[in-house]
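For the numbers below, each heavy atom of this structure counts, side chains included, while hydrogens, waters and symmetry mates do not.
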2 protein chains.
Amino acid sequence: MNTSKAFEKAKSCSSQFILAINDTLNVLIGKWKLPIIGVLLYGKKRFKELERAIPGITPRMLSKELKELELNGIVTRTVYDTIPVTVEYELSNSGKSLREVLDMMIQWGLNHRKQNMSRK
Amino acid sequence: MNTSKAFEKAKSCSSQFILAINDTLNVLIGKWKLPIIGVLLYGKKRFKELERAIPGITPRMLSKELKELELNGIVTRTVYDTIPVTVEYELSNSGKSLREVLDMMIQWGLNHRKQNMSRK
DNA sequence: GTAACCACTATACTTTTGTATATCGATATA
DNA sequence: TATATCGATATACAAAAGTATAGTGGTTAC
């Protein structure tokens, strides 16, 4: 690849592609997003179920992160008109498709560990 | 999948897999790691070249992030005995292989945007 | 009537992350 | 002699992220 081609690619990269990467990172970053998504990958859950499933999380953080995930279209929130109310959180299609990204990250992570071992 | 099978999978997941994902996230997280890796994907660079290529970064942050990336085996640092010294930063094999992860993230990010558009 | 459960919210605080600005020692250039 | 370059480091500060602890309003069980 010559310099101007590389430059063009770098330019096209920096606009949509970097944005796309940041979108992806933003739904995974933070201490609690991954644990929440991890639990929801096994099916929909209620607030207290999530709280119990994720050791150490406070209701404040759970509430905050769920709101963000909902805003970003990763999680859907459904309120059932029972007494008392039942609220269920579930992964959207986008949310479910994160599994592929996570699988890729697992692959890279395991491979990286192996390479770092042999480096020493 | 029955409950005990799901539980076993969740358990096996929570140990190595979650660690692997976190390893991957840790090399990407932070305001400046992605820009640095992005530039280095086009070839090795010197300290000042990186500083110039990444608008807004301070030498403090560049130095700090490069140290972390080196410690994590993503970047190699080579000092040449010239006058004045030349220092070159280059992606390791692990670092280069991040491209696959980033490509996956680009795919997910673009797809997610499309789905969110149609959601409205 | 009091204790517990659900789905949260409020307030105050600590820790982590990032910024701003100046400086270092060695060397080269005008 | 003054100024600039390289590859950083030092100090102080601001902003963001996360924690601790308590409380809300409604409902059910004992």
Quick one: which of D/dG18, C/dT9, C/dT19 gets closest to the side chain of B/R60? C/dT19
Of the options C/dT9, C/dC6, C/dT19, whose atoms approach the side-chain atoms of A/S63 most closely? C/dT9
Side chain of A/P84 only, heavy atoms from C-beta on: which candidate in D/dT27, C/dT9, D/dG18 is closest? D/dT27
Would you say A/R52 reaches C/dC6's phosphate, i.e. side-chain N/O to OP1/OP2 under 4.0 Å? yes
Measure the distance from CD1 on B/I57 to P on D/dG7 and round it to the nearest whole Å. 15 Å
CG of B/L98 to CG of B/L40, rounded to nearest 0.5 Å, is 11.0 Å
Residue B/W32, side-chain heavy atoms: nucleotide from D/dA8, C/dC6, C/dT19 that is nearest: C/dT19
Can you figure out which of C/dC6, D/dG7, C/dA22 approaches the side chain of B/T86 most closely? D/dG7
Does B/R46 reach a base, just sugar-phosphate, or nothing at all? Heavy atoms under 4.0 Å. sugar-phosphate
May I ask you to say what A/Y89 touches in the nucleic acid, namely base, sugar-phosphate or nothing, with a heavy-atom cut-off under 4.0 Å? sugar-phosphate
Other residues, nucleotides and ligands only: do more than 12 of their heavy atoms fall within 6.0 Å of NZ on B/K96? yes
Regarding B/R46 and B/E88, does a basic nitrogen lie under 4.0 Å from an acidic carboxylate oxygen? no
Nearest of D/dT27, D/dC6, D/dG18 to any side-chain atom of A/I83? D/dT27
Looking at D/dG18, D/dT9, C/dA7, which one has an atom nearest to any side-chain atom of A/K48? C/dA7
